[in-house]
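Working notes for the structure below.
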Amino acid sequence: LNGPNLNMLGVREPGIYGTVDYEGMVNFVKEGCAAIGVETEFYQSNHEGSLVDAIQSALGLYDGIVINPGAYTHTSIAILDALKAVALPAAEVHISDVTKREPFRQISYAGMACQVHVIGQGIAGYVQAAAQLKAQIEQDGEPENYLCHGDLNQHHILLAEENEMAVIEFNRMHRGVQVEDLYHFTRKIL
Ligand code: DQA
């Protein structure tokens, strides 16, 4: 996920952000991630709410989020809250070394909801972040309270059937179970 002005890569302050354009960066990251077995999808927006929407809709669809929120890094509690709300494993990336730049770049709200931080590594940082996130997800494994499909009981099924939010919450808790799968499964055993 890329925030404002990252669509201007290659044109924008090349001394800081490099000469590769947005499309070049996407291809580079896509290939780098494919080489380490990570499938990627990309989204860029200059609008805070669109980034919040994208984070929310990642729930149940993706194993993790790699985000460079651009300037919203330093201002957006809404992006922080969205990352906390979906609670997906998340990595923060900054192309430039923000730690050596202006004082107003020294706070990262989004970073407070991220387990991985890759800063100042250029566009290679996106691939490094994906690799670290993958390693962490593999190491952490499933959450302790993970239930496989077979562990679903009548209570879960009723909850799921009654209230779609319950299904979504169930899916969030039991990472990897897709909402559709749960519906099919409940239909089958009912
Ligand atoms: C950035 C750093 C931010 O401070 C800046 O506003 C950006 C890009 C980076 O990738 O280095 O837009 O996130």
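Just so you know, ligand 1 is whichever comes first in the structure, and atom 1 is the first atom listed for that ligand. Remember, it's a predicted structure, so these values are computed and weren't measured experimentally.
A distance-only check finds a donor-acceptor pair linking the side chain of Q44 to the backbone of G3 [under 3.5 Å].
Taking 4.5 Å as the limit, every side-chain heavy atom of T73 sits out of range of all side-chain heavy atoms of V98. Looking only at side-chain heavy atoms (C-beta outward), N68 and L1 stay at 4.5 Å or farther from each other. Counting only heavy atoms from C-beta outward, the side chains of Y126 and T40 never approach each other to under 4.5 Å.
Within a 6.0 Å sphere centred on CD of E23, other residues, nucleotides and ligands contribute 12 heavy atoms or fewer. Atom CD of E41 is surrounded by 12 or fewer heavy atoms from other residues, nucleotides or ligands within 6.0 Å. Environment of CE in M112: crowded, with over 12 heavy atoms of neighbouring residues, nucleotides or ligands closer than 6.0 Å.
Every heavy atom of E92 sits 4.0 Å or more from the atoms of ligand 1. The closest approach between Y72 and ligand 1 stays at or above 4.0 Å for every heavy atom of the residue.
No part of E13 comes within 4.0 Å of ligand 1, judged by heavy-atom distances. Heavy atoms of N68 found under 4.0 angstrom from ligand 1 belong exclusively to the side chain.
Of the polar atoms of A71, at least one N or O is found under 3.5 Å from an N or O of ligand 1, judged by distance alone. Backbone and side-chain nitrogen or oxygen atoms of H94 are examined, and one is located within less than 3.5 angstrom of a nitrogen or oxygen of ligand 1. Considering backbone and side-chain atoms alike, S96 places an N or O below 3.5 Å from some N or O of ligand 1.
At the shortest separation from atom 9 (C) of ligand 1 among protein heavy atoms lies I95 N, 3.3 Å. Considering only non-hydrogen protein atoms, atom 7 (C) of ligand 1 sits nearest to R12 NH2, 3.4 Å. H74 NE2, 3.5 Å is the protein heavy atom nearest to atom 3 (C) of ligand 1. Nearest protein heavy-atom neighbour of atom 5 (C) of ligand 1: R105 NH1, 3.3 Å.
When the heavy-atom distances from atom 2 (C) of ligand 1 to L9, V98, T75, I119 are ranked, the shortest goes to V98.
Screening I55, V93, L51 against I67 for a side chain to side chain contact (heavy atoms under 4.5 Å, CB included) leaves a single residue, I55.
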